[in-house]
Novice: 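The structure that follows is given in the form of structure tokens.
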Amino acid sequence: MFEERLEALRREGLLRSISDRDSPQGRIIRVRGGVLVNFSSNDYLGLCGHDSLRRAAARAAEEYGTGSGASRLLSGGTALHRRLERLLSDLKATEASVLFGSGYAANTGAIPAIADRDATIFSDELNHASLIDGCRLSRASTVIYRHADMDHLEELLRTVRRGRPVIVTDSVFSMDGDIAPLRDLTQLAAAHDALLYIDDAHGTGVLGRGRGALSHFGIPPESFVIQMGTLSKAAGSYGAFIAAGGDLVRWLVNTARTLIYSTALPAHLVAASVEAVRIMTSDALLVDRLWRNRESLVRGLHCIGVDTGRSETPIVPILLEDDQAALRLSEFLRARGIHAPAIRRPTVRTPRLRLTVSAAHTEEDIALLITSLREARDCGLF
Ligand SMILES: Cc1ncc(COP(=O)(O)O)c(C=O)c1O
């Protein structure tokens, strides 16, 4: 039965497989025997392989061992966990924060904890899968609004009144690289007495001089705003957190099932994240370099006539006609030393290459990508 289903996926160009990397994550990676310039990671600041993160993790592994052995509520946590939580609430200017095992766990644990079956969730149609799953697990009634369409959201908030409203959105949409209209969302949430849950996975370390999407817009962290962030992307480590008011964070500690019933993050990952937050907040040049590279990539793409759609961030998609076209372009780039895997259905409706640029890329890397894409275009590949 699964054989036939797999064969059907293969015929449609939708079969996925895992490609192992045979090198550290970084600007250059070794995959499937090739040494490639990597335009596919979320390691926006190049911290995954950073020496001081490695050293911090190694020291903590020496001190605390490799596993944490229990949930945070039992004996899984350490003083390092507390320290990271304090740093993260400073980063996000909130009263408190609490760690989760991953961004997926944060979204699927926190959303059901704040929205029960009597609540109504208003969710952007392009939200990340983990937010969608969090909404499903909550059993609240979930209303989808058109992507970033504030008129549509307002109309729904006015007409669908059942329980406390909770608005759920990505800050940076992970497949298009556009930024949610957070100023309007905050105003709408205030006007309708709603909670606003922001997934800042791709904003943390990237927007607002590293502090995230609210800082980018200069929006104060009101008590009805809940910020989620991952430590697995710009922070170059692993894990995630929710930053919010003290009562809300204590509520999560008491009710979020993915926090209570899951083993705490190991201390060495926490130590790497502590170091990452220190670097993010002290090395302004690093975030500047990321944005310079982003501008250089987008300028290059526009020069060769590539439409970068709604992208406003280091995530830059190239939309393609179908899944096969995305696979062909990805293979073409691979042959020229570039790693940019195809993103296909069901992750996205329109197949694409999702390019991500990092602070670690050089001008030569970006030039190689642009030249290769121009060549692909001349060959009629897109
Ligand atoms: C917008 C968004 N939210 C949540 C996640 C999940 O985060 P994590 O990889 O830490 O589980 C991701 C990344 O995969 C993401 O892109």
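Residues take their numbers from the sequence shown, with the count starting at 1. Ligands are counted one by one from 1 in listed order, and the atoms in each one are counted from 1 as well.
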Novice: Are there more than 12 heavy atoms of other residues, nucleotides or ligands under 6.0 Å from atom CZ of Arg82?
Specialist: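 No - once you tally the heavy atoms of other residues, nucleotides and ligands closer than 6.0 Å, there are 12 at most.
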Novice: By the definition side-chain hydrogen bond (donor to acceptor under 3.5 Å, both in side chains), identify the one residue from Arg294, Lys233, His202 that meets it with Tyr44.
Specialist: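 In the set Arg294, Lys233, His202, the residue that makes a side-chain hydrogen bond (donor to acceptor under 3.5 Å, both in side chains) with Tyr44 is His202.
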Novice: N or O contacts of ligand 1 with protein under 3.5 Å, please list pair by pair.
Specialist:
from     : atom 1 : to     : atom 2 : distance (Å)
ligand 1 : 3 (N)  : Asp199 : OD1    : 3.4
ligand 1 : 3 (N)  : Asp199 : OD2    : 2.6
ligand 1 : 10 (O) : Gly103 : N      : 2.8
ligand 1 : 10 (O) : Ser232 : OG     : 3.0
ligand 1 : 11 (O) : Gly103 : N      : 3.1
ligand 1 : 11 (O) : Tyr104 : N      : 2.9
ligand 1 : 14 (O) : Lys233 : NZ     : 3.0
ligand 1 : 16 (O) : His202 : NE2    : 2.6

Novice: Using the salt bridge (charged side-chain N to carboxylate O under 4.0 Å, His left out) definition, which of the options Arg352, Arg344, Arg10, Arg345 pairs with Asp323?
Specialist: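 In the set Arg352, Arg344, Arg10, Arg345, the residue that makes a salt bridge (charged side-chain N to carboxylate O under 4.0 Å, His left out) with Asp323 is Arg345.
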Novice: Do you know the tightest heavy-atom contact between Asn127 and Val168?
Specialist: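 The pair with the smallest heavy-atom distance is ND2-O, 2.9 Å.
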Novice: With a 3.5 Å cut-off and no angle check, do the side chains of His302 and Thr308 form a donor-acceptor pair?
Specialist: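 On atom types as modelled, these side chains qualify, holding a pair under 3.5 Å.
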Novice: Name the orientation class of the two ring planes belonging to His361 and Phe39 (parallel below 30°, tilted from 30 to 60°, perpendicular beyond 60°).
Specialist: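 Rings of His361 and Phe39: parallel, as their planes differ by under 30°.
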